[in-house]
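Since the structure is predicted, the reported quantities are computational estimates derived from the model, not experimental observations. We're numbering straight along the sequence, starting at 1. Only heavy atoms go into these numbers, but all of them, side chains included; no hydrogens, no water, no symmetry mates.
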Amino acid sequence: MATIYDVARLAGVSPATVSRVFNGVGVSEEKVVAVRQAAAQLKFFPNRTARTLRRQSSEVIALVIPDIENPYFTEMARGVEDVASEAGYSVVLCNSDAQVEKEQTYLRIAIAEHMSGVILAAASDRTSLDEIMAAGRPVVAVDRTTGYDIDGVMMANRDAGRSATEQLIEAGYSRIAHIAGPEHIETALERADGWRAALKAHDLPVDPELLRFSTFRVDGGRETMAELLALPEPPDAVVAGNNLIGVGAIQVLTERGLTPPAMGVAVVGSLPFTTLSPSVVTVVRLPARHMGVTAARMLLDRIGGDDQPARTVVLRNEIQAATVSR
């Protein structure tokens, strides 16, 4: 029966390279082809049980996200799964409901089940990684930082909030509100900072009444949009802090007959469903699938033994500007 050493000799590489090929991490395409061809010629198949025992971990990674119903995280999960599956890993999807206690339960399960690593969108700024890191499991943060010295893949949130606001300013709107997510969530604060920066850069007043923190859900967008419209001096445009907030806000505006250009709308994140034409809403797209792909590759590198200092990748946004103006 052929061994990993036989494959290495035939392929002209080291046994470690053969191992990395079958783990799907950090090997050039030329070496991947050589190893795969040698393995096929020798009828070599990696012993998954032995590999699990050697690593004391299963070929499973956990993806912990705060809201499985949000298409943003679904799209990100698809990117993670595509990369993990190609490398021979399975993905366990865990929905924390943005609850720290539930998140901790999943992290403990990852330890107990000897999962190889975790990709985590933190539930809040109180997230603790002490136990999972003490267990030696690599963790990659996505969407939100954790305060720990670990790899991360983030969005350019301040730029997204600023770009969305500036598009509305350029379209002729001046009293622009912002519906943000929860105040304890980093992404919500950063996008609000971008909104504020855009107003200041264009010498427009920053009215605290027009900045509202809510939930990252449709009902949060609906309730907050209704509150803004009830102000003595309501806004003439709104920046929605995420996709679902945007859906809720647009629902209310449609019901009130205030669709663009009567009311300007910009959304951070793609709109998963809306009755409005895409041409009347500015969308600052967040590359969620690319975030998942990048995070999965970083995690697999760590599982494969990468010991380089922790790094953070920040992904760029793409603006789809509305074609209507006030």
Side-chain angles (χ1 to χ4, degrees), residues 72 143-144 154-183 185-216 218 220-229 231 233-253 258-272 274 276-288 314-326:
Y72 171 79
D143 193 56
R144 308 158 185 185
M154 305 296 146
M155 297 296 182
N157 289 303
R158 289 186 180 85
D159 287 347
R162 180 166 184 154
S163 296
T165 309
E166 286 180 337
Q167 289 295 319
L168 292 173
I169 294 170
E170 291 172 9
Y173 300 96
S174 58
R175 187 165 169 76
I176 302 169
H178 178 49
I179 305 176
E183 197 166 3
I185 299 296
E186 176 184 17
T187 51
L189 292 171
E190 290 178 344
R191 292 168 195 173
D193 284 345
W195 164 82
R196 193 179 291 108
L199 294 177
K200 290 180 178 178
H202 290 267
D203 296 321
L204 293 174
V206 181
D207 186 342
E209 275 198 311
L210 297 184
L211 173 59
R212 302 294 176 101
F213 291 95
S214 184
T215 68
F216 271 136
V218 173
R222 285 190 60 88
E223 293 169 7
T224 310
M225 189 72 253
E227 292 172 3
L228 288 167
L229 293 177
L231 289 173
E233 187 180 354
D236 60 6
V238 62
V239 173
N242 86 333
N243 51 0
L244 298 186
I245 289 174
V247 169
I250 289 171
Q251 287 177 352
V252 171
L253 293 175
L258 293 173
T259 55
M263 183 87 167
V265 179
V267 178
V268 176
S270 58
L271 273 175
T274 176
L276 296 180
S277 166
S279 64
V280 301
V281 178
T282 287
V283 176
V284 179
R285 297 187 181 280
L286 304 175
V314 179
L315 303 180
R316 298 181 62 181
N317 309 307
E318 177 186 337
I319 302 172
Q320 177 185 308
T323 59
V324 299
S325 58
R326 194 174 188 193

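- Of all heavy-atom pairs between A164 and V268, the closest is CB-CG2, 4.3 Å.
- Put simply, the side chain of V281 reaches to within 4.5 Å of the side chain of L271, judged on heavy atoms.
- The two atoms that bring L199 and P205 nearest to each other are CD1-O, 3.9 Å, heavy atoms only.
- For the residue pair T187 and D143, the shortest heavy atom distance occurs at CG2-O, 3.2 Å.
- Although no hydrogens or angles enter the test, the distance criterion places a donor-acceptor pair under 3.5 Å between the side chain of D236 and the main chain of R175.
- Looking at E190 and R158, a side-chain N of the basic residue comes within less than 4.0 Å of a carboxylate O on the acidic one, giving a salt bridge.
- Considering all non-hydrogen atoms of both residues, A188 and F213 come closest at O-CE2, 4.5 Å.
- Of the residues listed (E227, E223, H178), the one engaging R212 in a side-chain hydrogen bond (donor to acceptor under 3.5 Å, both in side chains) is E227, and it is the only one.
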(message) Please determine whether salt bridge (Lys or Arg N to Asp or Glu O under 4.0 Å) holds for the pair R196 and D193, giving the CA-CA distance in whole Å, both sets of side-chain angles, and the decisive distance to 0.1 Å.
(response) CA-CA 5 Å; R196 193 179 291 108; D193 284 345; 2.8 Å; yes
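- Between G220 and T215, the shortest heavy-atom distance links the atoms CA-OG1, 3.4 Å.
- Nearest heavy-atom pair, N243 versus S270, reported as atom, atom and distance to 0.1 Å: CB-O, 2.8 Å.
- A 4.5 Å side-chain heavy-atom check between V280 and T323 finds every atom pair outside the cut-off.
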